[in-house]
Amino acid sequence: MAVQKPSIPKGTRDFSPEEMARRNYIFDTIKSVFYRFGYRQIETPAMENLSSLLGKYGEEGDKLLFKVLNSGDFLSGTASQDFQEGNLNKLSMQLCEKGLRYDLTVPFARYVVQNQGNIVFPFKRFQIQPVWRADRPQKGRYREFYQCDADVVGSDSLLNEAELVQIVEQVFSALGVAVTLKINNRKILSGMAELIGEASKVTDLTVAIDKLDKIGIEKVKEELMERGFTRDAILRLEPVLALSGTDYEKLGKLEVLFAGNETGLKGVAEVRTLLDYLEALGVKLSYVLDLTLARGLNYYTGAIFEVKAHDVEIGSISGGGRYDNLTGVFGQPGLSGVGISFGADRIYDVLNQLQGFPEDRLQGSRILFVNFGEKEALCAMKMIRRVREAGISAEMYPDPAKLKKQMGYADSRKIPYVAVIGEEEMEKQMITLKDMTTGTQSMVSPEELIQTLTL
RNA sequence: GUGGAUGUAGCUCAGCUGGUUAGAGCGCUAGAUUGUGGCUCUAGAGGUCGCCGGUUCGAUCCCGGUCUUUCACCCCA
């Protein structure tokens with residue numbers, strides 16, 4: 001067979017032991033916060049039925065779904081006419097009935113409806129799994145990446161939102177990353193659309209104004225024109241976007257503008273309540289009401305969140321919001337949910353740039369036992385059993401290689417201690433223990449060895 | 001999906017506006033040091049110059065295509 005160059009698909013990555021140690025540090029930190037807030041873990045399959053996925057993420061989202069080709073005779077049921085005419089949508093539905101999950105929220109909604117008989121509401125679950133998007137990769141954007149989601153369904157209370165903000169606070173304070181949480185509300189955005197007489201174009205409006213701080217007001221106006229907004233509508237929008245002051249001041253001004261605008265006023269009231277909660281709770285996280293924050297996923301109906309890291313140029317590292325009827329499309333209407341999602345891969349990139357990983361906690365074995373040959377190795381293995389029973393990670397060099405080589409192995413693996421058991425040590429029932437950081441070594445008893453390593 | 005860059009040793013990169021043997025640093029292997037890592041010195045291994053095709057007496061270099069990586073846009077974590 002011809003030798004082929006090893007490679008992996010575009011936008012995917014391998015993770016080395018060092019990278020996994022760092023990734024697990026992130027996962028463990030997030031997980032422990034989730035547990036602390038009473039969330040419990042579930043997992044769902046990598047593949048969902050395509051019908052569960054399609055139509056949940058908007059037109060763009062549908063295009064980014066990875067579809068899985070049917071097994072067996074996947075051409076049966078297709079018509080050659082469709083191939084000739086290039087009816088891609090129809091064909092893809094016939095060729096693929098499964099797709100890789102695009103996020104964790106929609107599979108969760110499916111899970112909730114499918115298992116509604118066994119779920120006690122309100123249901124708090126978290127989920128840490130990879131998701132896949134057929135996007136063109138670039139900085140901080142991969143085709144396979146991990147999300148860490150915590151969601152509550154079956155409760156309308158804004159206390160849930162307040163809890164999610166605290167989760168964000170605790171996760172990033174534990175990781176030592178300075179961030180700002182942007183808060184907005186989809187009802188405010190709907191109110192804006194209504195206010196300017198373009199109620200049917202909420203999505204177009206949000207996509208455009210989301211770019212405000214990036215491209216400036218003039219470009220946003222241009223884009224709105226392109227998206228078919230009237231000059232008059234844009235004129236009326238401008239003062240809303242220009243609202244300034246503290247969060248509460250902005251809310252006050254909005255309230256005046258929204259007079260008689262039911263949806264808009266409801267959004268203002270929700271944000272006000274949330275801000276009140278956060279203040280009463282003494283939340284130290286930096287947060288701000290950002291009226292231009294939109295977020296693309298079109299299933300959000302209430303609060304929306306997005307987290308930006310300070311000091312690092314990267315897209316949002318976390319986001320979420322409330323969705324009132326995601327379970328409705330699966331046949332269980334009236335269940336409101338709210339959740340937050342942490343982008344583990346981007347958080348990794350941020351911590352990497354900030355050199356924020358606690359390297360000392362991320363290593364492997366604490367001690368390496370040198371291999372001098374069959375008899376000595378067996379004796380060392382016995383000692384290793386005792387060391388491991390004491391809860392210390394230990395390993396032996398599996399081959400009787402030159403001592404220099406074994407030492408070099410310990411050095412490159414950053415193993416802090418090396419134990420040498422040769423003929424002399426076997427006779428005396430002692431171990432030569434070398435401290436690799438200081439370079440000193442001494443003869444110790446098995447008990448002393450364990451004691452040294454336990455410190 | 002649109003537009004721009006990129007690909008030479010395991011890694012980071014040189015390579016003269018197309019010429020005979022493609023280099024460096026780091027890493028790796030061995031030795032100096034047969035029971036002691038890091039530092040030093042010595043030697044060595046390692047390349048179909050991303051892949052396919054074209055132009056040419058001759059291509060790592062020029063042209064076309066393709067794939068990879070990467071940047072911006074769209075969109076998004």
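Below, chain A is the first sequence line, B the second, and so on; all start at residue 1.
Panel note: side chain E427(A), backbone E424(A); no donor-acceptor pair is recorded below 3.5 Å. Not a single donor-acceptor pair under 3.5 Å links the side chain of S52(A) to the backbone N or O of E48(A).
Residue K211(A) places no side-chain N or O under 4.0 Å from the OP1 or OP2 atom of rC73(B). For the OP1/OP2 pair of rG38(B) and a distance below 4.0 Å, the side-chain nitrogens and oxygens of K414(A) include no atom meeting the criterion. Side-chain nitrogen and oxygen atoms of Q138(A) include at least one within less than 4.0 Å of the OP1 or OP2 phosphate oxygen of rA72(B). Between K402(A) and rA30(B) there is no side-chain N or O to OP1 or OP2 distance below 4.0 Å.
Per the geometry, CG belonging to L368(A) stands 12 Å off C1' belonging to rU36(B), to the nearest Å. Summarising the geometry, the separation between CG on D204(A) and P on rC74(B) is reported as 14 Å, rounded to the nearest angstrom. One atom, OH of Y417(A), and another, C1' of rG38(B), lie 17 Å apart when rounded to the nearest Å. Spacing between atom CD of Q127(A) and atom C1' of rA77(B) amounts to 15 Å, rounded to whole angstrom units. Taking atom CH2 on W132(A) and atom P on rA77(B), their separation rounds to 17 Å, with Å as the unit. Rounded to an integer number of Å, the gap from CZ of R141(A) to C1' of rG1(B) is 12 Å. The separation between L433(A) atom CG and rG37(B) atom P is 17 Å, rounded to whole Å. Between the CG atom of D135(A) and the P atom of rU70(B) there is a distance of 13 Å, rounded to whole Å.
The nucleotide rC39(B) finds no pairing partner, because no Watson-Crick or G-U wobble arrangement with both distances shorter than 3.5 Å includes it. Pair assignment for rA59(B) gives none, since no Watson-Crick or G-U wobble pairing has each distance under 3.5 Å. Pairing for rC26(B) goes to rG10(B), judged as Watson-Crick or G-U wobble with the two contacts each under 3.5 Å. Base pairing of rA5(B): its partner is rU69(B), meeting the Watson-Crick or G-U wobble criterion (both donor-acceptor distances under 3.5 Å).
The aromatic rings of Y35(A) and F126(A) sit perpendicular, their planes meeting at an angle over 60°, well past the 30° parallel limit. Taking the six-membered ring where tryptophan is involved, the planes of F357(A) and Y348(A) are tilted, since the angle between them lies from 30° to 60°.
Within the nucleic acid shown, G11(A) comes within 4.0 Å of sugar-phosphate atoms alone, with no base atom in reach, counting heavy atoms only. At the heavy-atom level, S316(A) lies under 4.0 Å from the strands shown only through sugar-phosphate atoms. Using a 4.0 Å heavy-atom criterion, one finds that G315(A) contacts no nucleic acid atom at all. Residue E144(A) is classed as having no contact, given no heavy-atom separation below 4.0 Å to the nucleic acid. Heavy atoms of L403(A) sit under 4.0 angstrom from at least one base atom. No contact: E306(A) has no heavy atom under 4.0 Å from any strand. Using a 4.0 Å heavy-atom cutoff across all strands shown, K214(A) reaches sugar-phosphate atoms only and no base atom. Using a 4.0 Å heavy-atom cutoff across all strands shown, R101(A) reaches no nucleic acid atom at all.
To the nearest whole angstrom, the two C1' atoms, one in rU12(B) and one in rU48(B), are 23 Å apart. When the C1' atom is used for both rC57(B) and rU20(B), the distance is 13 Å, rounded to whole Å. Nucleotides rG50(B) and rU69(B) have their C1' atoms positioned 11 Å apart, rounded to a whole Å. Of the C1' atoms belonging to rU6(B) and rA72(B), the separation is 15 Å, rounded to the nearest Å. On the P atoms, rC26(B) is 14 Å away from rA43(B), given to the nearest whole Å. Using atom C1' as the reference point in both rG46(B) and rA9(B), the two lie 6 Å apart (nearest Å). One P atom belongs to rU29(B), the other to rG65(B), and the distance between them is 44 Å to the nearest Å. For rC61(B) and rU17(B), the P atoms lie 16 Å apart once the distance is rounded to whole Å.
Checking G439(A) against I8(A), the closest nucleotide of RNA chain B that is more toward the 5' end is the one next to G439(A). Nearest-nucleotide positions on RNA chain B place K434(A) closer to the 5' end than the other of K434(A) and S318(A).
If you take CD1 on I340(A) and CZ on F34(A), they are separated by 8.0 Å, rounding to the nearest 0.5 Å.
Of the candidates rA77(B), rG35(B), rG37(B), rG37(B) carries the atom nearest the M436(A) side chain, counting heavy atoms from C-beta on. Of the candidate nucleotides rC74(B), rA77(B), rU69(B), rA77(B) has the atom nearest to the side chain of R346(A). If you check rU68(B), rA77(B), rG3(B) against the side chain of Y142(A), the one that comes closest is rA77(B). The side chain of T432(A) sits closest to rU36(B) out of rU36(B), rC76(B), rC75(B). Of the candidates rC75(B), rA32(B), rU68(B), the closest approach to any side-chain atom of L64(A) belongs to rC75(B). Of the listed nucleotides (rU36(B), rC75(B), rG38(B)), rG38(B) has the atom at the smallest distance from the side chain of D411(A). Distances were taken from every side-chain heavy atom of E424(A) (C-beta onward) to each of rA77(B), rU36(B), rG35(B); the shortest belongs to rG35(B).
The stacking criteria are not both satisfied for Y409(A) over the base of rG37(B), which would need a centre-to-centre distance under 5.5 angstrom and an angle between ring planes under 30 degrees.
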| said: What verdict does the side chain to side chain contact (heavy atoms under 4.5 Å, CB included) test give for L291(A) and L241(A), after you've listed the backbone C-alpha separation in whole Å, the side-chain angles of each residue and the deciding distance to 0.1 Å? | reply: CA-CA 7 Å; L291(A) 296 175; L241(A) 296 181; 5.6 Å; no
| task | Quick one: do T454(A) and Q451(A) satisfy side-chain hydrogen bond (donor to acceptor under 3.5 Å, both in side chains)? Show the steps, please. | result | CA-CA 5 Å; T454(A) 311; Q451(A) 205 185 352; over 6 Å; no
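Interface remark: the Q406(A) side chain does not form any donor-acceptor pair with the rG35(B) base, using a distance-only criterion of under 3.5 Å.
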Less than 3.5 Å apart, which donor and acceptor atoms pair up between the side chains of residues 167-174 of chain A and the rest of the protein, not counting sequence neighbours?
unit_1	atom_1	unit_2	atom_2	d
E169(A)	OE2	K284(A)	N	2.6
E169(A)	OE2	L285(A)	N	3.3
Q170(A)	OE1	R36(A)	NH1	2.5

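When ring centroids are compared, Y397(A) and F369(A) stay outside the 6.0 Å threshold.
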